[in-house]
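So the structure is just underneath, and the comments pick up after that.
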Amino acid sequence: MEKIKMTTPLVEMDGDEMTRIIWQMVKDELLTPYIDLSTEYYDLSLKNRDDSDDQITIEAAKANMKYGVSVKCATITSNKDRMKEYNLKHLTKSPNGTIRSMLDGTVFRAPILVKGIRPVVRNWMKPITIARHAYGDVYKNTEMRIEGPGKAEIIFTAADGTETRQTVFDFKGPGVFMGMYNLDASIESFARACFSYALSVKQDLWFGAKDTISKTYDGEFKNIFARIYEEEFKDLFKEAGITYFYTLIDDIVARLMKTDGGFVLALKNYDGDVQSDMLSSAFGSLAMMTSVLVSPHGYFEYEAAHGTVQRHYYKHLKGEQTSTNSVATIFAWTGALRKRGELDGNTALVDFAGKLEQAVIATVESGKMTGDLARITELPNVEVMTTEGFIKAIRATLDTMM
Ligand code: NAP
Ligand code: MG
């Protein structure tokens, strides 16, 4: 069989620990035998980020902006322990944070569904994708403990010195209060990312907030989404046969339990934090979640939703067998290859991405899976595979499909 050619390189960001081991295995077993893989390679391993004063992360993000599509391996975010362990010069920032702020993106996470690993909510037949706004609100709040009677106020001092003040509460006794903020520009880019993503996967978009109670703050989120939809996306949504609708966050949660899935759910920062943990645990496992950063400028960065699986890596270093799940890493590659193929009109690449995903799902559904899934599956006759054995089993399935 002739290998599939690529016309534009993918930006490849390598990472750390167990996921770095998996990364190489996936390339060797599942990609390069079938594709003339063209990538622009950036080594974002912790030591290399440290040696380059984190320039390598910035260069990788710039390459993502140049070519449009990247695939990223999980990376260590340094802390004091890691500084000692890797003998680092400095504490570098989280690479995901650096890349996210350069691409100005929103992260979308969706579960990978397989038969035999059923969501706790039985009627969820199709994936539900969460889009979480990752700026401001309670994560950047200023809060105060009040020890006794007094008046709590919020004051805005305009650039020209004019003050606007409002009483929050006349305290008769001890209590607490806080202030928080968001920016129109951030909400607008969040809205555009959600509308663009829903269009790219051809799924309905739901957005929920609490504008009946928070008329100004949440009201602004609702208004910005409505305006951007009217001005920029209404016709595109109609053409794609999908819909946008806004409802209250509590109504969203109630509806969520009764749907069969298959839509994108946009949520404010805190709601997204809570609901994404609920969804990922209800759907099964972090190793069965896809994650993509979508920038309003049209850049895409695909990754796994989990970390570097440190505990398994130390076992691997000791020469012990591991059973680490590579599904999310493989889907990061297939997501990136499919998007690259779509942008380049390369149908062979798009088809390959689909086949590889089918091979992964068929392998798990045949009972061959890693330990994390074996613990939660309802399938009989499960064969617990090693990290490498699982990837080889996927290759065997893929070969029957090619
Ligand atoms: P983690 O790597 O996600 O692992 C947490 C635990 O979840 C593992 O110990 C393992 O449980 C299970 N797990 C996660 N992925 C798995 C997989 N693919 N297959 C099987 N089991 C899996 O999180 P962490 O241990 O908190 O963090 C490790 C490092 O990753 C940290 O240095 C952190 O900075 C980094 N991190 C990076 C990213 C990113 O780059 N996107 C995200 C999160 C964390 P058992 O040990 O019970 O088997
Ligand atoms: Mg959380």
Side-chain angles (χ1 to χ4, degrees), residues 12-23 25-26 42-50 54 56-57 60-61 64 70-86 88 91-100 103 105 107-109 111-112 114 117 132 134 273 276-277 280-281 283-293 301-318 320-333 335-336 360 363-364 368-377 384-391 394:
E12 175 185 356
M13 307 182 194
D14 207 345
D16 291 299
E17 299 193 317
M18 202 59 206
T19 39
R20 188 181 179 95
I21 307 287
I22 287 176
W23 194 259
M25 287 179 186
V26 167
Y42 292 86
D43 182 1
L44 298 199
S45 61
L46 183 55
K47 190 78 185 118
N48 203 37
R49 278 180 276 139
D50 190 58
D54 214 22
I56 189 75
T57 310
N64 201 157
S70 73
V71 54
K72 180 181 168 291
C73 180
T75 46
I76 295 168
T77 298
S78 59
N79 57 23
K80 291 227 169 72
D81 290 343
R82 298 300 202 159
M83 266 186 101
K84 240 187 269 157
E85 183 183 356
Y86 284 85
L88 305 177
L91 275 178
T92 43
K93 285 190 214 149
S94 147
N96 289 329
T98 302
I99 295 166
R100 215 165 284 172
L103 303 187
V107 176
F108 295 84
R109 293 204 160 161
I112 300 158
V114 295
I117 296 164
R132 171 185 169 189
D273 188 353
S276 65
D277 282 4
S280 68
S281 60
F283 271 113
S285 153
L286 260 194
M288 298 298 282
M289 291 285 271
T290 63
S291 179
V292 57
L293 176 79
E301 184 218 11
Y302 293 82
E303 58 164 6
H306 57 79
T308 59
V309 214
Q310 184 180 9
R311 204 179 62 81
H312 296 208
Y313 181 59
Y314 292 158
K315 274 178 79 179
H316 170 84
L317 287 182
K318 280 194 269 175
E320 291 171 29
Q321 284 293 0
T322 57
S323 182
T324 314
N325 188 337
S326 48
V327 171
T329 300
I330 297 170
F331 272 66
W333 276 100
V360 170
T363 305
V364 176
K368 294 187 161 82
M369 61 187 79
T370 45
D372 57 319
L373 297 184
R375 280 197 292 274
I376 57 171
T377 186
V384 180
M385 314 291 284
T386 61
T387 306
E388 193 175 12
F390 179 59
I391 291 171
I394 294 168

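Atoms within each ligand, like the ligands themselves, are counted from 1 in listed order. Heads up: numbering here begins at 1 and tracks the sequence.
- The shortest side-chain heavy-atom distance between His312 and Thr387 does not fall under the 4.5 Å cut-off.
- Using a non-hydrogen distance threshold of 4.0 Å, Met18 does not register as a contact of ligand 1.
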Please evaluate residues Asp16 and Arg82 with respect to the criterion salt bridge (Lys or Arg N to Asp or Glu O under 4.0 Å), reporting the C-alpha separation (whole Å), side-chain torsions for both, the decisive distance (0.1 Å), and the verdict. CA-CA 12 Å; Asp16 291 299; Arg82 298 300 202 159; over 6 Å; no
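- At a distance under 4.0 Å, no protein heavy atom can be found next to atom 24 (P) of ligand 1.
- Here's the thing with Gln310: none of its N/O atoms is less than 3.5 angstrom from an N/O atom of ligand 1.
- Trp333 contributes atom CH2, which lies 5.0 Å from atom CH2 of Trp23 (distance to the nearest 0.5 angstrom).
- For the atom pair Ile76 CD1 and Glu85 CD, the distance stands at 6.0 Å (nearest 0.5 Å).
- In this structure the side chain of Thr324 never reaches within 4.5 angstrom of the side chain of Lys315, judged on heavy atoms.
- Judged purely by atom type and a 3.5 angstrom limit, Thr370 has no side-chain atom pairing as donor or acceptor with the backbone of Asp372.
- Within the 4.5 Å cutoff, the side chain of Cys73 has no heavy atoms near those of the Thr329 side chain.
- For atom 48 (O) of ligand 1, a protein non-hydrogen atom is found at a distance below 4.0 Å.
- Residue contacts with ligand 1 for Arg82 involve side-chain atoms from C-beta outward but no N, CA, C or O (heavy atoms, distance under 4.0 Å).
- No side-chain heavy atom of Tyr86 sits less than 4.5 Å from a side-chain heavy atom of Asp50.
- In this structure, atom 32 (O) of ligand 1 is in close contact with the protein, since a protein heavy atom lies within 4.0 Å of it.
- For the atom pair Ile394 CD1 and Met25 CE, the distance stands at 12.0 Å (nearest 0.5 Å).
- Near Ala74, meaning under 4.0 Å from one of its heavy atoms, ligand 1 places the atoms 40 (O).
- Taking 4.5 Å as the limit, some side-chain heavy atom of Leu103 sits within range of a side-chain heavy atom of Asn64.
- Atom numbering of ligand 1 starts at 1 in the shown order; those under 4.0 Å from a heavy atom of Thr324 are 17 (C), 18 (N), 19 (N).
- Between the side chain of Thr98 and the main chain of Ser94, a donor-acceptor pair closer than 3.5 Å is present.
- The nearest heavy-atom contact from the protein to atom 1 (P) of ligand 1 is Gly307 N, 3.5 Å.
- Protein heavy atom at the shortest distance from atom 21 (N) of ligand 1 is His312 CE1, 3.8 Å.
- Asn96 ND2, 3.3 Å is the protein heavy atom nearest to atom 39 (C) of ligand 1.
- For ligand 1 and Glu303, the ligand atoms under 4.0 Å from any heavy atom of the residue are 41 (N).
- Annotation for ligand 1: atoms under 4.0 Å from non-hydrogen atoms of Ala287 are 17 (C), 18 (N).
- In this structure, atom 42 (C) of ligand 1 is in close contact with the protein, since a protein heavy atom lies within 4.0 Å of it.
- The protein atom (non-hydrogen) at minimum distance from atom 35 (C) of ligand 1 is Thr75 O, 3.4 Å.
- Closest to atom 45 (P) of ligand 1, if we only count protein heavy atoms, is Arg311 NH2, 3.4 Å.
- Under the 4.0 angstrom criterion, atom 27 (O) of ligand 1 counts as lacking any protein heavy-atom contact.
- Taking 4.0 Å as the cut-off, Lys72 counts as a neighbour of ligand 1 on heavy-atom distance.
- Proximity to Ile76 (heavy-atom distance under 4.0 Å) selects the following atoms of ligand 1: 32 (O), 34 (O).
- Counting protein heavy atoms only, atom 30 (O) of ligand 1 is closest to Thr308 N, 3.0 Å.
- For atom 14 (C) of ligand 1, the nearest non-hydrogen atom of the protein is His306 CB, 4.0 Å.
- Selection from Asp16, Val309, Thr77 by nearest heavy atom to atom 8 (C) of ligand 1 gives Val309.
- Not a single heavy atom of Leu286 sits under 4.0 Å from any atom of ligand 1.
- Scanning the protein for heavy atoms near atom 19 (N) of ligand 1, the closest one is Asn325 N, 2.9 Å.
- No donor-acceptor distance shorter than 3.5 angstrom exists from the side chain of Thr75 to the backbone of Gly15, with no hydrogens or angles considered.
- With contacts defined as side-chain heavy-atom distances shorter than 4.5 Å, the pair Tyr314/Met18 does not qualify.
- Note that CD of Glu320 and OG1 of Thr322 are 9.5 Å apart. Values are rounded to the nearest 0.5 Å.
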As a quick check of understanding, evaluate side chain to side chain donor-acceptor pair (under 3.5 Å) for Ser45 and Asn48, giving each step before the final call. CA-CA 5 Å; Ser45 61; Asn48 203 37; 5.1 Å; no
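- Inside a 4.0 Å radius of atom 6 (C) of ligand 1 there is not any protein heavy atom.
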